[in-house]
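For reference, the structure discussed in these notes is given below.
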Number of protein chains: 2
Amino acid sequence: MPWISHSTTNEVINQICDRIWLAVVQRTLRPGARLKEEELTEIFGTTRARVRQALAILEQDGLVTIYPNRGACIAEPSVDDAQDAFSARLAIEQRLVTRLCRSAKPEDIAILRDHIAQERAAHARGDSEAVIRLSGEFHMLIARLAEAELLLKILRTLTIRTSLITAMYQTQATQTCGPDEHDRILAAIEARDESRASHEMTHHLEHLETALRLSEAPMPVSGLREALHGIAQRRAP
Amino acid sequence: MPWISHSTTNEVINQICDRIWLAVVQRTLRPGARLKEEELTEIFGTTRARVRQALAILEQDGLVTIYPNRGACIAEPSVDDAQDAFSARLAIEQRLVTRLCRSAKPEDIAILRDHIAQERAAHARGDSEAVIRLSGEFHMLIARLAEAELLLKILRTLTIRTSLITAMYQTQATQTCGPDEHDRILAAIEARDESRASHEMTHHLEHLETALRLSEAPMPVSGLREALHGIAQRRAP
DNA sequence: TCATATAATATTGTTGACAATATCGTTGAC
DNA sequence: GTCAACGATATTGTCAACAATATTATATGA
């Protein structure tokens with residue numbers, strides 16, 4: 001049940017988006033991989049029109065790039081894009097935790113505490129899929145509890161972007177940061193210390209960013225053809 | 001040349017989006033007004049598919065609401081929505097001015113100064129359309145000069161929302177705030193005073209928000225029917 | 001052998017007709 | 001006279017065939 005789900009009337013479209021996102025964060029689909037409409041149509045047992053809508057949504061979210069008349073590929077965010085995404089998340093999430101410091105009710109604290117416990121459990125049993133999912137969900141949870149619908153929506157697309165960036169640039173050493181930092185953020189919220197909460201969130205996001213090897217620009221590609229011909233580069237406008 | 005333009009391959013779709021946005025800020029199209037696909041098709045001399053795409057984009061931007069199987073209407077943001085939008089803008093724009101304080105080159109300052117001069121000119125000659133356009137453009141300009149592509153994109157949709165909100169809740173007294181506050185923001189940027197710039201931006205946005213009569217909840221409607229039957233409420237999920 | 005032009009194939013983009021759904025007006029029973 | 005059910009109309013949603021475009025393969029000349 002990915003927290004990424006885009007609110008669309010059609011369930012099939014959500015499925016397509018979720019599955020593609022999942023494949024990306026699990027590194028099954030590499031950046032630059034082509035997404036042929038026909039192929040997706042067969043996989044999901046739907047029509048091309050639906051696939052098309054899904055791809056349009058995913059492009060909005062920055063997960064895929066659509067080259068006109070040439071099809072869709074998993075996006076390949078540059079180092080600049082990555083820094084932009086984290087910078088934007090910082091702006092949004094600093095405000096969110098500050099806001100939550102003021103408005104958090106005891107049950108909100110309890111929900112967050114329980115969530116972190118789940119993260120710990122997933123971490124302990126080595127369930128990396130759950131770790132990724134829960135780790136992202138924590139941030140979305142803060143947005144939801146802060147009752148900022150718009151900021152939640154924005155954060156959702158930003159998190160999709162950073163998911164892709166993480167999948168693209170992460171070193172195998174830094175799979176995910178443990179739930180300890182989430183714990184410190186929660187502690188600050190509980191203490192109603194806006195400044196500290198904001199600071200902890202900043203630290204957390206900066207940690208996430210610096211854990212990537214952004215400087216090296218690994219430029220991963222999906223398949224042999226792209227690797228050999230550099231099609232993705234030539235295609236860019 | 002509305003600064004709202006969404007980057008789409010198809011020019012017609014941009015036109016539709018721009019025209020609808022313009023009609024909204026000029027209060028020609030009132031919130032709640034129905035947007036029949038066929039009607040738009042005739043007006044813009046295009047096909048229903050294109051109109052549909054345009055409406056989907058406008059829904060993403062929060063300018064229209066699409067009720068499944070029932071068509072599209074100009075959105076009617078609630079007071080909460082309005083506060084959310086300004087809150088989000090605050091988060092984004094504080095970061096943008098801070099960033100620009102560090103990175104602004106002399107030519108950037110010149111561009112901003114020139115822009116404010118244009119604002120003054122438009123204000124002086126009573127060209128309210130230009131005033132609205134330029135006033136919004138100033139904020140987008142800051143985002144562009146700050147070289148934060150993602151934040152620019154986010155700010156674009158937020159500005160569309162606040163445009164609608166302004167058109168919806170503004171009192172006739174407070175048409176637009178003059179360019180003086182923009183001037184103070186620029187002065188802070190020029191002085192490289194991050195704290196002051198952030199503060200001026202905050203003040204400016206809060207001023208914009210408080211100039212609206214959000215508390216009264218005028219709940220404007222497009223037609224008599226909606227006013228009497230409260231259809232907009234029943235339609236919501 | 002390499003580069004260029006051309007035909008063949010594959011993929012995306014568009015259109016118009018059809019199906020599904022909601023709204024509106026009418027009829028009929030109570 | 002009011003309400004509910006029904007049919008008529010209007011509007012949106014979907015699809016499959018067609019057109020446009022790009023990519024690949026082939027052929028040709030230097």
Side-chain angles (χ1 to χ4, degrees), chain A residues 6-16 20 32-60 64-75 221-237, chain B residues 6-16 20 32-60 64-75 221-237:
Chain A
H6 188 274
S7 55
T8 311
T9 52
N10 197 312
E11 192 52 39
V12 182
I13 294 175
N14 292 334
Q15 275 183 26
I16 297 174
I20 289 178
R34 281 209 62 183
L35 302 169
K36 295 183 192 171
E37 295 180 357
E38 195 107 15
E39 222 171 316
L40 294 171
T41 304
E42 288 169 17
I43 292 169
F44 291 98
T46 180
T47 63
R48 262 184 63 214
R50 294 274 164 74
V51 170
R52 208 150 233 281
Q53 281 184 61
L55 289 174
I57 289 170
L58 289 172
E59 189 194 26
Q60 274 295 315
V64 314
T65 308
I66 294 178
Y67 303 103
N69 291 319
R70 255 166 283 191
C73 297
I74 302 294
V221 284
S222 61
L224 195 57
R225 218 187 59 239
E226 285 82 356
L228 298 175
H229 296 166
I231 284 171
Q233 274 68 24
R234 278 199 286 114
R235 273 177 179 160
Chain B
H6 187 274
S7 53
T8 311
T9 52
N10 197 310
E11 193 52 40
V12 182
I13 293 176
N14 292 335
Q15 275 183 25
I16 297 174
I20 289 178
R34 280 208 62 183
L35 302 169
K36 295 183 192 171
E37 294 180 358
E38 194 105 18
E39 221 171 315
L40 293 172
T41 304
E42 288 169 17
I43 292 169
F44 291 98
T46 180
T47 62
R48 259 186 64 213
R50 294 274 165 73
V51 170
R52 207 150 234 282
Q53 282 184 58
L55 289 174
I57 289 170
L58 290 172
E59 190 195 25
Q60 274 294 316
V64 315
T65 308
I66 295 179
Y67 303 102
N69 293 318
R70 253 165 285 190
C73 297
I74 302 294
V221 285
S222 60
L224 196 58
R225 215 186 63 238
E226 284 81 357
L228 299 175
H229 294 167
I231 283 173
Q233 275 67 23
R234 276 200 289 116
R235 273 179 179 160

In whole angstroms, how far is the [atom2] atom of [N] from the [atom1] atom of [X]?
{"X": "B/E37", "N": "C/dT15", "atom1": "CD", "atom2": "P", "answer": "15 Å"}
{"X": "B/L55", "N": "D/dT11", "atom1": "CG", "atom2": "P", "answer": "15 Å"}
{"X": "B/L40", "N": "D/dA10", "atom1": "CG", "atom2": "C1'", "answer": "16 Å"}
{"X": "A/E38", "N": "C/dT12", "atom1": "CD", "atom2": "C1'", "answer": "10 Å"}
{"X": "A/I66", "N": "D/dA22", "atom1": "CD1", "atom2": "C1'", "answer": "16 Å"}
{"X": "A/I13", "N": "D/dG13", "atom1": "CD1", "atom2": "C1'", "answer": "11 Å"}
{"X": "A/Y67", "N": "C/dT12", "atom1": "OH", "atom2": "P", "answer": "14 Å"}
{"X": "B/E42", "N": "D/dT11", "atom1": "CD", "atom2": "C1'", "answer": "13 Å"}

Which nucleotide sits closest to the side chain of [X]: [options]?
{"X": "B/K36", "options": "C/dT12, D/dT11, D/dG13", "answer": "D/dT11"}
{"X": "A/N10", "options": "D/dG13, C/dT15, D/dT14", "answer": "D/dT14"}
{"X": "A/R70", "options": "D/dT23, D/dG13, C/dT15", "answer": "D/dT23"}
{"X": "A/T47", "options": "D/dC15, D/dT11, D/dT14", "answer": "D/dC15"}

Of all heavy-atom pairs linking B/T41 and B/E37, the shortest is OG1-O, 2.6 Å

If every non-hydrogen atom of B/R34 is compared with every non-hydrogen atom of B/G71, which pair is closest and at what distance?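 For B/R34 versus B/G71, the nearest heavy atoms are NH2-CA, 4.2 Å.
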
Under 4.0 angstrom, heavy atoms only, what part of the nucleic acid is A/R50 near: base, sugar-phosphate, or nothing?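 Sugar-phosphate: the residue A/R50, judged by heavy atoms under 4.0 Å, touches backbone atoms but no base.
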
Under 4.0 Å between a side-chain N/O of B/R34 and OP1 or OP2 of D/dT12, yes or no? yes

Which distance, rounded to the nearest 0.5 Å, do you find between the [atom1] of [X] and the [atom2] of [Y]?
{"X": "B/L55", "Y": "B/R52", "atom1": "CG", "atom2": "CZ", "result": "8.0 Å"}
{"X": "A/Q53", "Y": "A/I16", "atom1": "CD", "atom2": "CD1", "result": "9.0 Å"}
{"X": "A/Q15", "Y": "A/I43", "atom1": "CD", "atom2": "CD1", "result": "13.0 Å"}

If you assign B/R48 and A/N69 each to the DNA chain D nucleotide with the nearest heavy atom, which residue ends up on the more 5' nucleotide? B/R48

